[in-house]
There are 2 protein chains.
Amino acid sequence: MPRTLPEPSVDSFDLTVILSALADPGRRALMTALYQRPDPIDCSVLAEEADLGLSNPTISHHYRVLREAGLTRTLVVGRQRIVRVRRDDMEKRFPGLLQAVLGGE
Amino acid sequence: MPRTLPEPSVDSFDLTVILSALADPGRRALMTALYQRPDPIDCSVLAEEADLGLSNPTISHHYRVLREAGLTRTLVVGRQRIVRVRRDDMEKRFPGLLQAVLGGE
DNA sequence: TCAATTGTTTGACGCTCATCGAATCGTAGC
DNA sequence: GCTACGATTCGATGAGCGTCAAACAATTGA
């Protein structure tokens, strides 16, 4: 049974936190690559695809920021981390935001 | 003849700069108040309306950040600064973004 | 011309953040 | 159990940002 890393509830979404998370180019590159995919994906595969040129600790940090902002959900499967965009939750709270920010990149 | 303070062209809009500008609560409060208005307005009147509890230098700094991000246009009329949202330019470059960020506040 | 007013710039301070190397944690496989 | 490996955390460092007081600039009105 897969574990889920801590994440905020929809009600506690904070626009300042969300915009700060999306303001960083590296995190936005991760989000854009993730947003284009229909299905969840392995963290490291996505990071390699995004080709950020950052160290593992830094990438891990960025994933955490995205998750704690409520943008992503992370499942723990063995040594892997499977990540996905929280589309419905984001759409419910800030409709059109993800499309406006990530859609045109 | 009114002078216009320096601002970026639509082509040089940078999403990182725009999101960073909107990520600050004070600046977003200014933008939200400004976005709800159909017409341009005096900077200090808007700032008073937004009730930020910040010093004049800080407010002036925030206005500059918003302007240099391309979010606002500032006209110099005597000692006053008349500010407005660059709706069309923003819509052209990042459709739906302002509505998604400022519409629900 | 001069004083008052309004907005900006400068300089400084404290805080946060992005980043990395090294250490740590947890799982997989033997 | 033990080792290898993937991911996170810790600690440190450097850069950037928000903030304000003080100095500066520009306009108004007498």
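Order of the sequence lines sets the chain letters (A, B, ...), proteins ahead of strands, with each chain counted from 1. As a basis for the values below, the full set of heavy atoms in this structure was taken, side chains included, without hydrogen atoms, waters or symmetry mates. A quick note: this is a predicted structure, and the numbers were derived from the prediction, not measured.
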Value in whole Å for how far the P atom of dA4(C) lies from CD of Q80(B): 21 Å

Lys/Arg N to Asp/Glu carboxylate O, R73(B) vs D89(B), below 4.0 Å: yes

Backbone of N56(A) reached by a side-chain donor or acceptor of S60(A) within 3.5 Å: no

Touch class at under 4.0 angstrom, heavy-atom based, for I59(A) against every strand present: nothing

Out of dC20(C), dG18(D), dT8(C), whichever nucleotide has its closest atom nearest the side chain of S55(A): dC20(C)

Protein-nucleotide distance (D24(A), atom CG; dG16(D), atom P), rounded to Å: 14 Å

Pairs under 3.5 angstrom, nitrogen or oxygen only, protein versus nucleotides 26-28 of chain D, please.
| residue | atom | partner | partner atom | Å |
| --- | --- | --- | --- | --- |
| dT27(D) | O2 | R79(B) | NH1 | 3.4 |

Nearest-Å distance for atom pair CZ/P, residues R28(A) and dA18(C): 12 Å

Any residue meeting side-chain contact (heavy atoms from CB on, under 4.5 Å) with D42(B), in chain and number order, not counting sequence neighbours: S44(B), V45(B), Q80(B), I82(B)

Atom pair distance, as rounded to whole Å: CD in E48(B) and C1' in dG7(C): 15 Å

Between P of dG18(D) and CG of N56(B), the distance in whole Å: 17 Å

Nucleotide nearest R27(B) (side chain, heavy atoms from C-beta), chosen from dG18(D), dT8(C), dC20(C): dG18(D)

Atom-pair distance (CZ on R64(A); P on dC25(C)), nearest Å: 15 Å

Distance below 4.0 Å between T58(B) side-chain N/O and dT19(D) OP1 or OP2: no

Nearest-Å distance for atom pair CG/P, residues L5(B) and dG7(C): 13 Å

Closest-nucleotide ordering on DNA chain C, the 5'-leading residue of C43(B) and S20(A): C43(B)

Cation-aromatic face contact R87(B)/Y35(B), 6.0 Å, 45 degrees: yes

Sugar-phosphate only, base, or nothing, as touched by H62(A) at under 4.0 Å among non-hydrogen atoms: sugar-phosphate

Salt bridge (Lys or Arg N to Asp or Glu O under 4.0 Å) partner of E7(A), the single match among R86(A), R64(A), R67(A): R86(A)

Polar side-chain atom of R28(A) near backbone of L22(A) as donor-acceptor pair, under 3.5 Å: yes

Nucleotide of dC20(C), dC20(D), dG18(D) approaching P57(A) most closely (side-chain heavy atoms): dC20(C)

R84(B) versus L34(B), closest heavy-atom pair with distance: C-CD2, 3.8 Å

Closest to the D42(A) side chain, choosing from dA7(D), dT8(D), dG7(C): dA7(D)

Atom-to-atom span, CG of L66(A) to P of dA18(C) - whole angstrom: 10 Å

Side-chain N,O (H61(A)) to OP1/OP2 (dC17(C)) below 4.0 Å: no

